[in-house]
Amino acid sequence: MAIREGRWDCPTCGVKGLLGRDRECDNCGAPRPEGIRFYLPENAAVVQAAEQIAIAKAGADWICDYCGASNRAPEPECVECGAPPGEQRQAVQTYPQPPTSTPQAAPSTPQLPTPSRRDRAQSPRSPHLLVRFHRRLGVLRWAFWSGLVSVILVVVIGLLPMQIDATVTQMSWQRSIAVERLTTFTETGWDVPAGGRVLSQQEAIRSYEQVLEGYETRTREVSEEVQVGSESYTCGTVDLGNGYFEDEICTRPVYETRTHTETYEEPIYRDEPVYDTEYTYEIDRWVVNRTPTVSGLDQNPQWPTLELGDPEREGDRTATYTILFQGDNGRDYPVTLDLDTWSQFEPGDAQPLKVTRFGGASLPDE
C-alpha cells in the first residue's frame, strides 16, 4: 500500500506547507498541536525511504500533556521535557478522497478584461446581444399575457348581463306529437327476449378456450454474470496521524458475462371452440314512424290532429313557446318560456330583460 507524506499549516504564525515529518514549525518553532489537520499536496510522491516508511507505520503521534510537544508513537518520553506519554493522540481518519488543501476563503471573482468594440461586434455571444434578446423576449411575454387578459376580459364582460327595457313584438308556438308504429324486426342472439318468437335455432361457436396439447422442447441463449475473480483498488486515504497518508485498499469481485444454450419445455395450446345455441327470432318494437307538427304566431297553441292507423299509437309530446322582444336598443331578443309564463304576455307588453353583449336574453326572474 502506497504511503505519501502530507503537509500541515502552522496555526501560530500561518506558514503553510510544512512537511508532515516536522513536529515543530520551521518558522516560529511552535510545536505541532494536537488536532492539526494534515493534507496531501497535488501529485504527492510515494515515499520510498525505509526510515520514513517506518515512521509512518509506527502509529499516530502523541502530544505531551506538559509542554505540548509532538512525539513519535514509539518514543517512551517527551523529546522536549522528558514527561511520560499522555492520552492525547493525533487522530487517525479515513477519507474517501485525500484532503488536498486546508480550508481557505473563497477567492474573489477576477475582473475580466473589457472586450473591444470590434470583439463585441464579432462575438456571436456578445453580452449586449443577449441583453437585447432577453429584453425582446420580455416584451413578447408581456404582449402575450396582456392580450390573453384582454380576451378574458372581453369574454367576461360579454357574458355579464345588463338590464334593458323591451317590448313584446311577436308570440309564437310549436307543438309536435310522435307517432309510433309497431314494427316487426328479425334478430339473432344467444337468448330470446320477452315477446320474441323463435324462427330457428342452431349450434354455433360462441367463444374459444385454450386447451393444453402438450410440450415442445426448444432452446434459447441465456446470458448471466459469473464471478471470475476479484481485484484490489484504492477506496480511500487514511490519515495516519503522524504526517503521513496511506492508501486504503479494498477488494471487489470481477464479473464476466457468459452465454450458454439451455433447453426448456414450451407449452403448446390449441383453440377449442365453445358451442352454444344461437336463436333467430322476430320481435315487435314500437318505433317513431312520423312526427306531426303544427305552429303559429298567435296566442292559441293547439296540438296536431292525429289519425292513427293500425298498428300505431301516440308517443311523446313536445312543445316550444317563444316570445320575440325588441329592446330599447333596437335589437330583437327571442326568449323561450314555459307555457304558463308565455301565456301571461300580450303583444305590446313592456318587459325588462336581462341581456348580454353576445345576444343572450332572459327574464329578470329567471
Side-chain angles (χ1 to χ4, degrees), residues 155 159 171-225 257-298 300-324 334-343 358-362 366:
V155 173
L159 293 176
M171 301 182 66
S172 61
W173 54 270
Q174 180 175 292
R175 285 178 169 179
S176 302
I177 303 177
V179 177
E180 298 177 346
R181 183 178 181 84
L182 189 62
T183 306
T184 300
F185 294 90
T186 299
E187 301 174 351
T188 60
W190 305 109
D191 298 291
V192 180
R197 301 177 293 277
V198 176
L199 300 176
S200 63
Q201 63 185 60
Q202 62 178 355
E203 292 298 304
I205 298 175
R206 184 167 186 173
S207 62
Y208 291 88
E209 64 179 8
Q210 287 194 327
V211 177
L212 179 64
E213 284 191 332
Y215 295 87
E216 184 174 306
T217 301
R218 298 192 177 182
T219 60
R220 60 188 171 196
E221 296 296 313
V222 179
S223 298
E224 61 180 343
E225 296 293 313
T257 301
R258 293 183 178 177
T259 304
H260 66 275
T261 303
E262 70 174 15
T263 60
Y264 67 99
E265 299 297 317
E266 182 174 339
I268 306 300
Y269 295 91
R270 60 180 172 83
D271 290 331
E272 184 73 21
V274 178
Y275 289 88
D276 199 355
T277 301
E278 184 180 45
Y279 299 94
T280 301
Y281 56 89
E282 62 181 13
I283 189 170
D284 298 329
R285 302 185 188 277
W286 290 101
V287 295
V288 176
N289 182 48
R290 53 194 173 92
T291 307
T293 300
V294 293
S295 60
L297 300 177
D298 52 37
N300 301 305
Q302 302 175 8
W303 291 105
T305 301
L306 294 184
E307 296 182 2
L308 299 178
D310 185 30
E312 288 184 334
R313 70 178 184 185
E314 181 180 321
D316 295 333
R317 294 190 173 206
T318 57
T320 303
Y321 306 96
T322 304
I323 295 179
L324 184 64
V335 179
T336 300
L337 304 169
D338 60 82
L339 178 59
D340 291 339
T341 305
W342 181 83
S343 301
F358 294 134
S362 62
E366 293 184 340

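None of these values were measured; they are calculated from a predicted model.
Applying the side chain to side chain donor-acceptor pair (under 3.5 Å) test to Gln174 and every residue at least two apart in sequence or in another chain returns nothing. In this view, Glu262 and Arg220, Val222, His260 satisfy the side chain to side chain contact (heavy atoms under 4.5 Å, CB included) rule, not counting sequence neighbours. Under the side chain to side chain contact (heavy atoms under 4.5 Å, CB included) criterion, Thr217 pairs with Thr263, Glu265, sequence neighbours left out. Looking at residues two or more places apart in sequence or on another chain, you find a side chain to side chain donor-acceptor pair (under 3.5 Å) between Glu221 and Thr261. Listed by chain and residue number, Ser176 satisfy the side chain to side chain donor-acceptor pair (under 3.5 Å) test with Thr293 (two or more places apart in sequence, or in another chain). With sequence neighbours left out, Glu278 forms a salt bridge (charged side-chain N to carboxylate O under 4.0 Å, His left out) with no residue at all. Shown here are the salt bridge (charged side-chain N to carboxylate O under 4.0 Å, His left out) partners of Arg197, two or more places apart in sequence or in another chain: Glu282, Asp284. Tyr321 pairs by the side chain to side chain donor-acceptor pair (under 3.5 Å) definition with Arg175, not counting sequence neighbours. Under the rule for a salt bridge (charged side-chain N to carboxylate O under 4.0 Å, His left out), the partners of Glu266 that lie at least two apart in sequence or sit in another chain are Arg218. Partners of Asp271 by side chain to side chain contact (heavy atoms under 4.5 Å, CB included), not counting sequence neighbours, listed by chain and number: Tyr208, Gln210. Residues that satisfy the side chain to side chain contact (heavy atoms under 4.5 Å, CB included) test with Ser223, not counting sequence neighbours, are Thr257, Thr259.
Proximity of Tyr275 to Ile205: side-chain heavy atoms (C-beta onward) are separated by under 4.5 Å at one or more points. In this structure the side chain of Leu324 never reaches within 4.5 angstrom of the side chain of Ser172, judged on heavy atoms. With a 4.5 Å cut-off on side-chain heavy atoms, Trp173 and Val294 count as touching.
Nearest heavy-atom pair, Gly196 versus Tyr281, reported as atom, atom and distance to 0.1 Å: CA-CD1, 4.4 Å. Here the closest heavy-atom approach between residue Val179 and residue Leu308 is recorded as CG1-CD2, 3.8 Å. Closest heavy-atom contact between Leu212 and Pro267: CD1-CB, 3.8 Å. Closest heavy-atom contact between Trp342 and Thr322: NE1-O, 3.2 Å. Of all heavy-atom pairs between Trp190 and Asp276, the closest is CZ3-O, 3.6 Å. Minimum interatomic distance between Trp286 and Arg181 (heavy atoms only, all atoms of both residues): CE3-C, 3.5 Å.
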Exercise. Going through the checks in order, is the side-chain hydrogen bond (donor to acceptor under 3.5 Å, both in side chains) test met by Thr277 and Gln202?
Worked result: CA-CA 6 Å; Thr277 301; Gln202 62 178 355; over 6 Å; no
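Tyr215 OH: 12 or fewer foreign heavy atoms inside a 6.0 Å radius.
Atom-to-atom distance recorded for Ile177:CD1 and Leu306:CG is 4.0 Å, nearest 0.5 angstrom.
Under the salt bridge (Lys or Arg N to Asp or Glu O under 4.0 Å) criterion, the residue pairs touching residues 289-298 are Arg290-Glu312, with sequence neighbours excluded.
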